[in-house]
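Written out below as structure tokens is the structure these notes cover.
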Amino acid sequence: MEFKVKFVQVLTRCMVVSSLFLAAPAFGEVAPPNAAPQPAIGNFELDKTLIADSFVEGSALSQEIADILLGICYFGLPVGLTLAIWSYDKRTRDRLVELKQQIDLLERIWHRNLQA
């Protein structure tokens, strides 16, 4: 039983450390200030201001959504897994206590029947 507890603790710590290493580069990323100009499509000249404005708005929204999803993955997943392991261990511990109580009750009944 002690080995299982130590194993779960080591596994949880490894997951937290690895998620922090994976998250570290994502929080420091900065887009390059000057992007390369896009060439005209076919023979048509595109209104670059409209395209640039819509791209910036969509890009900011996409970046915000990506940051939220990264936050959920990097912090929510290890916390959720840790809580799941903790609740499983608690449930197992409670079942073991209940089993011991049932065994004690059956032993008392058995000894009472032997004496009578």
Side-chain angles (χ1 to χ4, degrees):
M1 188 73 161
E2 183 67 29
F3 173 75
K4 181 181 174 185
V5 172
K6 289 288 185 185
F7 177 74
V8 169
Q9 289 175 348
V10 169
L11 182 66
T12 305
R13 288 180 184 148
C14 289
M15 287 182 59
V16 169
V17 169
S18 65
S19 68
L20 289 176
F21 279 126
L22 290 173
F27 292 118
E29 290 180 4
V30 176
N34 294 330
Q38 296 292 328
I41 299 174
N43 294 330
F44 302 105
E45 285 294 323
L46 299 175
D47 186 6
K48 293 181 181 179
T49 58
L50 288 176
I51 293 174
D53 289 343
S54 65
F55 179 73
V56 169
E57 290 172 7
S59 175
L61 182 61
S62 297
Q63 185 64 32
E64 188 175 332
I65 292 171
D67 288 342
I68 290 170
L69 290 175
L70 279 174
I72 290 171
C73 290
Y74 290 143
F75 297 112
L77 188 63
V79 168
L81 187 63
T82 302
L83 288 175
I85 291 171
W86 178 77
S87 65
Y88 175 77
D89 285 345
K90 184 176 183 274
R91 181 174 170 257
T92 304
R93 204 173 28 243
D94 292 344
R95 289 179 64 199
L96 182 64
V97 167
E98 184 180 346
L99 179 66
K100 282 189 164 224
Q101 289 173 349
Q102 289 175 353
I103 290 172
D104 290 340
L105 176 66
L106 289 173
E107 285 179 351
R108 282 189 306 226
I109 292 172
W110 185 61
H111 285 295
R112 198 178 308 156
N113 286 340
L114 286 179
Q115 292 174 355

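- Separating the CD atom in Q115 from the CH2 atom in W110 is a distance of 11.0 Å, to the nearest 0.5 Å.
- Residue C73 comes nearest to P78 through the heavy atom pair O-CD, 3.6 Å, listed as atom of the first residue, atom of the second, then distance.
- How far CH2 of W86 is from CG of L81: 14.5 Å, rounded to the nearest 0.5 Å.
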Between side-chain atoms of residues 95-104 and protein atoms elsewhere (two or more places apart, or another chain), which donor-acceptor pairs fall under 3.5 Å?
none

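- In this structure, the separation between CZ on R112 and CZ on R108 is 7.5 Å, given to the nearest 0.5 Å.
- Going from atom CD1 of I65 over to atom CG of L70 covers 12.0 Å, rounded to the nearest 0.5 Å.
- Other residues, nucleotides and ligands contribute only 12 or fewer heavy atoms inside 6.0 Å of the CD atom of E64.
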